[in-house]
Student: 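Below: one structure in structure tokens.
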Amino acid sequence: APGLVWMLGALVGGVVSWYVPLLWALHRGSSLLTPRAEHLVTRGMGVTLLLLGLGLAGLGTWRFWVAHF
């Protein structure tokens with residue numbers, strides 16, 4: 001149960017701190033960012049999400065290995 005609470009908190013925190021500003025910035029488009037800056041922000045966020053996903057997959061694999069082998 002505590003793990004599910006942490007996952008829910010991370011989901012809500014991620015939406016509030018990550019996706020809402022991203023969507024707002026992309027919605028504003030050229031009035032907020034230049035096309036180059038928009039491309040860099042989008043690419044940087046994509047790389048960050050990829051690294052977070054790989055980190056979570058690695059952590060999950062390590063915890064599974066420790067628990068079962």
Student: Report all side-chain donor-acceptor pairs from residues 59-69 shorter than 3.5 Å, counting only partners two or more places apart or in another chain.
Tutor:
unit_1	atom_1	unit_2	atom_2	d
T61	OG1	A57	O	2.8

Student: When rounded to the nearest 0.5 angstrom, what distance separates CG in L49 from CG in L54?
Tutor: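 It comes to 11.0 Å.
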Student: Are V15 and M45 connected in a single hydrophobic cluster, I mean Ile/Leu/Val/Met/Phe/Trp/Tyr linked by side-chain heavy atoms less than 4.5 Å apart?
Tutor: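 Linked, M45 and V15 end up in one cluster.
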